[in-house]
K.L.:
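Handing you a structure now.
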Number of protein chains: 2
Amino acid sequence: MPTNPNTLLDETIARCRKAGLRRTWALEALLKHLIAAKSPLTFGDLAEMKTLKDRCDKATVFRLLVRLEKHGILRRLGLHDRSAYYTMHFPGEHSDFLICTQCGIIEKLDIACPVEKLEAQISKQSGFKKLYHELEFFGVCPKCG
Amino acid sequence: MPTNPNTLLDETIARCRKAGLRRTWALEALLKHLIAAKSPLTFGDLAEMKTLKDRCDKATVFRLLVRLEKHGILRRLGLHDRSAYYTMHFPGEHSDFLICTQCGIIEKLDIACPVEKLEAQISKQSGFKKLYHELEFFGVCPKCG
DNA sequence: ATACATGCAAACATTTTGCTTTGGC
DNA sequence: GCCAAAGCAAAATGTTTGCATGTAT
């Protein structure tokens, strides 16, 4: 989509308005930062950014992020509850997971993971060593649906 | 690897010993729970499990998890710093990431994601709706390596 | 005997909430 | 003017650490 960044911003604001959000200074500033970012930003990163920090409270940033995610404007990465998940790791074994975005239940997926072969290639291109990967599918489980 | 669970436990303890860990009651109990689990457990889950809760402190569980992960016996899921990451989500767009396990830097990967096509199939099999996925590669970046 | 492992309590970081006030529509 | 959004401050959550003590080797 990387069209003109300004157009992008306008389009995004339009999507927000359609979702019923008001065009506030904080909304606009937050979106600018996120659109400009080349990689994901933490809530903390965002709340600390000088422009935002000077003109709005972290609670505002927080609630904006939540609202924007609910409307699909943003995506929050990773397991969405605030806890550290651990699983056994047996050499040569790998699992992928299916996670409910509502209740958080995690199921192990029994599929042939199509990603293994990419690791060598990515390692070569990036210079990263000891590569491994995680693949998670998110959705709404039958119970929550 | 799903051999006899007891053998599995023994093998795992052997790996721990080789890594220089002592065979303590807590180590053994923790591994039992993790091996028995069908899906990942949170630090909280583990620390609260009756057997563990009665006989050892959460700090012990915590430090065991950290040690076991360091030695590759366990794997911790997700972005490893304790913060919530957000990224723009444009309809039809999808990104995969490459993350350094040492310094946490996140790079956007410019690859054709091989997973898209699996979503429909998984949705059908599992009954989960509104599927999307995340694919992250982890490794040690050139700077940290 | 010596280090590594544990327990307890206290500190921390990050996220989340309640309530009042402001400002977009 | 009405209701969603912002501000402020305080709580909740989920780890993480320091230090004294215990225990596997």
Side-chain angles (χ1 to χ4, degrees), chain A residues 10 12-33 40-71 73-86 101 104 106, chain B residues 10 13-33 40-71 73-74 76-86 104:
Chain A
D10 291 341
T12 307
I13 292 176
R15 282 209 284 150
C16 292
R17 308 265 18 249
K18 194 150 46 177
L21 304 194
R22 289 177 179 180
R23 177 170 195 154
T24 63
W25 185 89
L27 173 71
E28 212 160 312
L30 181 60
L31 288 175
K32 268 183 202 157
H33 280 301
L41 296 174
T42 66
F43 162 56
D45 290 341
L46 285 161
E48 293 305 323
M49 291 185 143
K50 196 153 180 4
T51 354
L52 287 173
K53 178 165 191 160
D54 292 348
R55 300 230 1 212
C56 54
D57 192 79
K58 68 175 187 301
T60 300
V61 175
F62 176 77
R63 288 192 264 236
L64 268 175
L65 289 172
V66 171
R67 252 177 272 149
L68 290 169
E69 196 207 350
K70 181 158 68 199
H71 293 295
I73 314 285
L74 301 183
R75 184 154 280 174
R76 178 174 177 174
L77 266 43
L79 283 359
H80 293 192
D81 72 6
R82 310 176 37 199
S83 7
Y85 279 86
Y86 289 89
T101 50
I106 303 186
Chain B
D10 290 342
I13 292 175
R15 282 209 284 150
C16 291
R17 310 264 20 246
K18 193 148 53 178
L21 305 193
R22 290 176 178 181
R23 177 170 195 154
T24 63
W25 184 89
L27 173 71
E28 212 161 311
L30 182 60
L31 289 176
K32 269 182 202 158
H33 280 302
L41 295 173
T42 65
F43 162 54
D45 290 341
L46 285 161
E48 292 305 324
M49 291 185 145
K50 196 152 182 1
T51 356
L52 287 173
K53 179 163 190 160
D54 292 348
R55 298 228 6 210
C56 56
D57 194 79
K58 69 176 188 296
T60 301
V61 174
F62 175 78
R63 287 190 268 234
L64 270 174
L65 289 171
V66 171
R67 255 178 269 148
L68 289 169
E69 196 207 349
K70 183 159 66 200
H71 293 297
I73 313 285
L74 301 183
R76 177 174 177 173
L77 266 43
L79 283 0
H80 292 194
D81 73 5
R82 309 178 37 197
S83 5
Y85 279 87
Y86 288 88

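Just so you know, these numbers come straight off a predicted model, no measurement behind them. All chains are named by letter (A, B, ...) in the order of the sequence lines, taking the proteins before the strands, and each is independently numbered beginning at 1.
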K.L.:
If I take atom NZ in residue Lys53(B) and atom P in nucleotide dG7(C), what distance separates them, rounded to the nearest angstrom?
P.N.:
14 Å

K.L.:
Between Thr51(B) and His33(B), is there a side-chain donor-acceptor contact under 3.5 Å, judged purely by atom types and distance?
P.N.:
yes

K.L.:
Between Cys56(A) and Trp25(A), is there a side-chain heavy-atom distance shorter than 4.5 Å?
P.N.:
yes

K.L.:
Which value, rounded to the nearest 0.5 Å, describes the distance between Lys18(A) atom NZ and His71(A) atom NE2?
P.N.:
13.0 Å

K.L.:
Rounded off to whole Å, could you give me the CZ-to-P distance for the Arg55(A) and dA6(D) pair?
P.N.:
12 Å

K.L.:
Expressed in angstrom and rounded to an integer, what is the separation of Leu68(A) atom CG from dA4(D) atom C1'?
P.N.:
14 Å

K.L.:
Quick one: bend of the helix from dA1(C)-dT25(D) to dC25(C)-dG1(D) from 5 pairs per end, to 10°?
P.N.:
40°

K.L.:
Mind listing the closest non-hydrogen atom pair of Leu31(A) and Cys16(A) along with its distance?
P.N.:
CD1-SG, 3.9 Å

K.L.:
Provide the closest heavy-atom pair for Leu21(B) versus Leu68(B) in the form atom of the first, atom of the second, distance.
P.N.:
CD1-CD2, 3.7 Å

K.L.:
Ignoring backbone atoms, test whether Thr60(A) places a side-chain nitrogen or oxygen under 4.0 Å from the OP1 or OP2 oxygen of dG7(D).
P.N.:
yes

K.L.:
Could you check whether Glu69(A) pairs with Arg76(A) (Lys NZ or Arg NE/NH1/NH2 to Asp/Glu carboxylate O, under 4.0 Å)?
P.N.:
no

K.L.:
Does any donor-acceptor pair link the side chain of Arg63(B) with the base of dG7(C) at a separation under 3.5 Å?
P.N.:
yes

K.L.:
Whole-Å distance between dA5(C) P and Leu52(B) CG?
P.N.:
17 Å

K.L.:
Taking all non-hydrogen atoms of both residues into account, name the closest pair between Leu52(A) and Ala26(A) and its distance.
P.N.:
CD2-O, 4.5 Å

K.L.:
Please state how far atom CG in Asp54(A) lies from atom P in dA6(D), giving the value in whole angstrom units.
P.N.:
16 Å

K.L.:
Taking DNA chain C as the partner, which of residues 15-27 of chain B come within under 4.0 angstrom of it by heavy atom?
P.N.:
Leu21(B), Arg22(B), Thr24(B), Ala26(B)

K.L.:
Figure out the NZ/P separation between Lys70(A) and dA4(D), and round it to whole Å.
P.N.:
11 Å

K.L.:
Between dT15(D) atom P and Leu79(A) atom CG, what is the distance in whole Å?
P.N.:
11 Å

K.L.:
What is the distance from CG of Leu64(A) to C1' of dA5(D), rounded to the nearest Å?
P.N.:
8 Å

K.L.:
Quick check: closest heavy atoms across Ala59(A) and Asp57(A), and the distance to 0.1 Å?
P.N.:
N-OD2, 2.8 Å

K.L.:
Out of curiosity, Phe43(A) CZ to Phe62(A) CZ, how far, rounded to the nearest 0.5 Å?
P.N.:
6.5 Å

K.L.:
Protein within reach of the bases, or only the backbone? For nucleotides 11-16 of chain C, mark each nucleotide 5' to 3' as B, S or -, using heavy atoms under 4.0 Å.
P.N.:
--BBBB

K.L.:
Grab the two heavy atoms, one from Leu41(A) and one from Met49(A), that are nearest each other, plus how far apart they are.
P.N.:
CD1-CE, 4.1 Å

K.L.:
State, to 0.1 Å, how close Ala47(B) and Lys58(B) come at their nearest heavy-atom pair, and which atoms those are.
P.N.:
CB-CB, 3.9 Å

